[in-house]
**Student:** 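Take a look at this one; I'll ask things after.
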Amino acid sequence: MADTRFFRRKGPFSVAEIAELTGAEVLNAPDKARVFDDVSPLQNADDSILSFLDNRKYIDAFVNSKAGACFIRPEFADRAPEGMVLFTTNDPYRAYAKAATAFYPFETGNGSISDRAFIDPTAKLGKGVQVDAGAVISANCEIGDGTIIASNAVIGEGVVIGAGCKVGANASISHSLIGNLCLIYPGARIGQDGFGFAMGPQGHVKVPQLGRVVIGNDVEVGANSTIDRGAGPDTVIGNGCRIDNLVQIGHNVELGMGCVVVSQVGISGSTKLGNFVVLAGQVGVAGHLEIGDGVKVAAQSGVMRNIGPGETVGGSPAVPVMEYHKQTVALSRLVRKKK
Amino acid sequence: MADTRFFRRKGPFSVAEIAELTGAEVLNAPDKARVFDDVSPLQNADDSILSFLDNRKYIDAFVNSKAGACFIRPEFADRAPEGMVLFTTNDPYRAYAKAATAFYPFETGNGSISDRAFIDPTAKLGKGVQVDAGAVISANCEIGDGTIIASNAVIGEGVVIGAGCKVGANASISHSLIGNLCLIYPGARIGQDGFGFAMGPQGHVKVPQLGRVVIGNDVEVGANSTIDRGAGPDTVIGNGCRIDNLVQIGHNVELGMGCVVVSQVGISGSTKLGNFVVLAGQVGVAGHLEIGDGVKVAAQSGVMRNIGPGETVGGSPAVPVMEYHKQTVALSRLVRKKK
Amino acid sequence: MADTRFFRRKGPFSVAEIAELTGAEVLNAPDKARVFDDVSPLQNADDSILSFLDNRKYIDAFVNSKAGACFIRPEFADRAPEGMVLFTTNDPYRAYAKAATAFYPFETGNGSISDRAFIDPTAKLGKGVQVDAGAVISANCEIGDGTIIASNAVIGEGVVIGAGCKVGANASISHSLIGNLCLIYPGARIGQDGFGFAMGPQGHVKVPQLGRVVIGNDVEVGANSTIDRGAGPDTVIGNGCRIDNLVQIGHNVELGMGCVVVSQVGISGSTKLGNFVVLAGQVGVAGHLEIGDGVKVAAQSGVMRNIGPGETVGGSPAVPVMEYHKQTVALSRLVRKKK
């Protein structure tokens, strides 16, 4: 059960409510009014708990679980322990996500404005906006309804942030337009100058960075990640993107919709990603490239050329992932031969 | 055109003024008093706009551009569209940087001190120093003329910062001496303890870190980058260095003049770089090494040995770059043979 | 000598006191009451200074040093310059660490609470707690005796921090329980949501992250590092761990005792490290793995499988380190053959 010092639970919710909420089919539930009190992993669950089985690897935990109810794929229904209520669906993790969010809803602004915050009188705040101690909101900002600006976050002049967002503690945002329902994690840096200068032996001359960062709706930017503003064109992050911690996104980079960028990835200036691209941890992508829709890049890879839609690549420099695996095997054989 | 919510433009500037400012030669300008209103990339320019052609790849954009004026290399002059004023120079990007800076000058302190800032009474602030809301300036600090300390930045006891600098939002600096005209980006961490301890199976014992960070003039330190102070000797960053976002610089590291350190590079303790070294993105450099003047290291490389002046290296472990490319090719052939 | 703007020295300490403090044996000291004023590296030392020789590489510096006293291994005693007091021990660096800490003790809270800090009235602060300007301590926090919360740090609701800790400038902590004697460096992010969502072509659905971060005693978390809270189970950092700057630790990760995690390492979700594991710089570890006690991983390696206790591995994907070195050699030979 979640630590009540940190989490506040709603509920309970009935079988009928959970089915309604998630679209799952109900099996094994004689009493649709039966309620569940909480969510938890299979191992720790008792009969008041709603759990889920997503990864087939955990089938034993499922078979032996004391959970009162479980989201599962239909094909596992006949493995369920006796008496367990089953919610069947082809995407049990997604259904669990929705149910868990009912028990533990995401925070929204409570309308309180700390007297230790600094808000420029020209800033426009929507209904229910919450501004915590030490936060700074500069001149001409616009903050949408229900958005939270957490402690010691700094919102620069003219920045526009949509409704239902949260900007985490100590984050800073400048030169940016941000959509609705975005989560900017603590310490994220958005909108500062890109790394632009004319190099030369007599010294490097800084080039004014005259673009912005434009972020769509339902985007997450992880803790201590950095997104530089454009040099002239904008840096653009599409709707639904998920950016993990300590990620670097250079100036003029564009991400399509629904991209997933795992921790410590770096994307160099002016590179463009299509929709639903997945970059695994510590990947580096060189500048001025085009990465197609649905491309997947294995962890620690270095992408040095354009990648066509749907390709999966790995290695540094990155090649098609099957070739990368063969390289690994070949290298390992080479060594064994030399023994 | 730059978004006026974020950028304030100066100008217009005449042909004569732009030539004076940049040292470029003027061609095709019957009227030296003709003025230009703004700068922009070639694609979006109209006849009131000053643009530039640096990369030969964009020659088509140049030929078809409606820009009123353009910085170019002399050899492209005869490809110019009719009526375009030409500023010829061997380094058009540098000339553009200077002109763009005239239109969009870098910020300098406006002399305002927020009543929401905390400034220790023993701190000494120069003329025109600007201190924004939530910034903290500790005892015995010295801040030079025209320097900006942005919101929620924290300057530790005794720190000296020169004139014309900007310390970004939420950055923190301790145990450091910083020159003039430095830009410290949001969230940068400068001067904290290095990673120094005596390891042992009965526990690790922390070693006091008794050095400083000493930064020259005209240095940039990127967003969320970290520079640890020396353990006894100092950590030193030479004049004119450019350090990108999320870079780690360990204790006792020394960088010569004009080094360029791209995002997510890590330089381990006590390593010394010469002048004008370039480390591309995600490079790692082991500790206690000497990297000569003008060395270039390819992205994602791992440098495990000393590198002589002027060498270009790549790979992990890094080898001369031609050898690295051959390794890549050889590995790829090996796989093809095995098919 | 350490810069007095930044460091305050205690002492002097006598031969007898230093021997007592460090457990080292004394040689060559006719006068046990003789005092030393400071510590420093061998090169800069004069006869008032206590130094150390740890790395045999610096034996020449030792032979020629003017230091008044030195920690050394017994076998180097006969190489000492005439008149130098010798403290012999099998771990001179550890002895030096203890002596240096006597001269330059670590900070502890001075009991001052800035009137520019914001402390919720329900928070409980121990004796001697120091809270600097701009720090925020939220509802129901508990802060142990002598702990320092530096400027603009943000401590979220319900967080528990033990005694003798320091939370650096601009760090943020939420959903966490932290032991005694921990150092959280500036800009560290602890306890934010993990990177958890149900992926899908119709959009990614965020999964509530209901665990915590639980940190033992005597742990360091480096500048701008990020530790996400658990998704259901907790993220756990064992006693005595040392985590460097810009490290990413995913949700549900567990570290045993005394692990050393060097800068820019990333550890993916649900991976478990045993005791005294060492991950060198820029290593990546995939999710859901078990890494045994005493494992060492070479810099920039990518760990993609479980590693048994005591193994040393390298490369990406990581293999036993001898095999990794052979691969490097084999690849380099392959290229030479092709010339």
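Scope of the values below: all heavy atoms of this structure, side chains included, with no hydrogens, waters or symmetry mates.
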**Student:** When heavy-atom pairs shorter than 4.5 Å are enumerated against chain A, which of C/Gln192, C/Arg212, C/Lys206 gives the highest number?
**Tutor:** C/Lys206
**Student:** Using non-hydrogen atoms and a 4.5 Å limit, figure out which bit of A/Phe52 sits close to chain C: side chain, backbone, both or neither.
**Tutor:** neither
**Student:** What part of A/Phe103 is in contact with chain C, defined as an atom under 4.5 angstrom from a non-hydrogen atom: side chain, backbone, both or neither?
**Tutor:**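 For A/Phe103, there is no contact with chain C at all, as no heavy atom is under 4.5 Å.
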**Student:** Quick check on A/Ile243 against chain C: is it the side chain, the backbone, both or neither that has a heavy atom closer than 4.5 Å?
**Tutor:**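 Contact with chain C: backbone only.
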**Student:** Can you name the closest pair of heavy atoms from A/Asn170 and C/Ala171 and give their distance?
**Tutor:** OD1-O, 3.7 Å
**Student:** Can you say whether A/Arg94 sits under 4.5 Å from chain C via the side chain, the backbone, both, or neither, judging by heavy atoms?
**Tutor:**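 Backbone plus side chain of A/Arg94, per the 4.5 Å heavy-atom cut-off to chain C.
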**Student:** So, for A/Gln282 and C/Val265, which heavy atoms are closest and what is the spacing to 0.1 Å?
**Tutor:**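 Looking at all heavy atoms of both residues, the shortest contact is NE2-C, 4.1 Å.
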**Student:** What residue pairs, at least two apart or across chains, pass side chain to side chain donor-acceptor pair (under 3.5 Å) with a residue in residues 148-157 of chain C?
**Tutor:** A/Arg8-C/Glu157
**Student:** Which atoms of A/Ser40 come close to chain C, meaning under 4.5 Å heavy atom to heavy atom: side chain ones, backbone ones, both, or neither?
**Tutor:** neither
**Student:** Looking only at heavy atoms, which two atoms of A/Gln300 and C/Ser316 are closest? And how far apart?
**Tutor:** OE1-OG, 2.7 Å
**Student:** Between A/Arg242 and C/Phe195, is NZ or CZ placed under 6.0 angstrom from the six-membered ring centre and within 45° of the ring axis?
**Tutor:**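 No, A/Arg242 does not sit over the ring of C/Phe195.
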**Student:** Would you mind telling me which of C/Asp234, C/Val283, C/Val160 has the largest number of heavy-atom pairs within less than 4.5 Å of chain A?
**Tutor:** C/Val283
**Student:** Does some side-chain heavy atom of C/Phe118 sit less than 4.5 Å from a side-chain heavy atom of A/Asp115?
**Tutor:**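 Side-chain contact under 4.5 Å: no.
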**Student:** Of all heavy-atom pairs between A/Gln264 and C/Gln264, which one has the smallest distance, and what is that distance?
**Tutor:**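 Smallest heavy-atom distance, with atoms named: NE2-O, 3.3 Å.
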**Student:** Quick one: what part of A/Gln43 sits under 4.5 Å from any heavy atom of chain C, side chain, backbone, both or neither?
**Tutor:** neither
**Student:** Name the member of C/Ser301, C/Gly232, C/Ser268, C/Gly315 that forms the most heavy-atom pairs with chain A at distances under 4.5 Å.
**Tutor:** C/Ser301
**Student:** Could you please state which residues from residues 131-140 of chain C sit under 4.5 angstrom from chain A, measuring non-hydrogen atom to non-hydrogen atom, sorted by number, or 'none'?
**Tutor:** C/Gly134, C/Val136
**Student:** Do A/Thr328 and C/Pro317 come within less than 4.5 Å of each other through their side chains, counting heavy atoms only?
**Tutor:**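 SC-SC contact between A/Thr328 and C/Pro317 confirmed.
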**Student:** Which one, C/Arg229, C/Met199, C/His204, C/Arg116, leads in non-hydrogen pairs under 4.5 Å with chain A?
**Tutor:**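 With the most close heavy-atom pairs to chain A, the winner is C/His204.
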**Student:** C/His175 vs A/Phe7 aromatic rings, parallel, tilted or perpendicular, using cut-offs 30° and 60°?
**Tutor:** tilted
**Student:** Assess whether side chain to side chain contact (heavy atoms under 4.5 Å, CB included) is satisfied between C/Asp228 and A/Tyr185, documenting all intermediate values.
**Tutor:** CA-CA 11 Å; C/Asp228 288 344; A/Tyr185 284 84; over 6 Å; no
**Student:** Does atom CG (A/Asn90) have a neighbourhood of more than 12 heavy atoms from anything else shown, all under 6.0 Å?
**Tutor:** no
**Student:** Could you look at A/Tyr104 and say if it's the side chain, the backbone, both or neither that has a heavy atom under 4.5 Å from chain C?
**Tutor:**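 Both parts, backbone and side chain.
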**Student:** Could you measure the distance from the CG atom of A/Leu246 to the CD atom of C/Gln248? Nearest 0.5 Å is fine.
**Tutor:**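 A/Leu246 atom CG to C/Gln248 atom CD measures 6.0 Å (nearest 0.5 Å).
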**Student:** For the residue pair A/Phe276 and C/Gly200, what are the closest heavy atoms and their distance?
**Tutor:** CE2-O, 3.5 Å
**Student:** In terms of heavy-atom proximity below 4.5 Å to chain C, should A/Asn44 be classed as side chain, backbone, both, or neither?
**Tutor:** neither
**Student:** Of the non-hydrogen atoms in C/Phe197 and A/Tyr93, which two are nearest, and what is the gap between them?
**Tutor:**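 For C/Phe197 versus A/Tyr93, the nearest heavy atoms are O-CE2, 3.4 Å.
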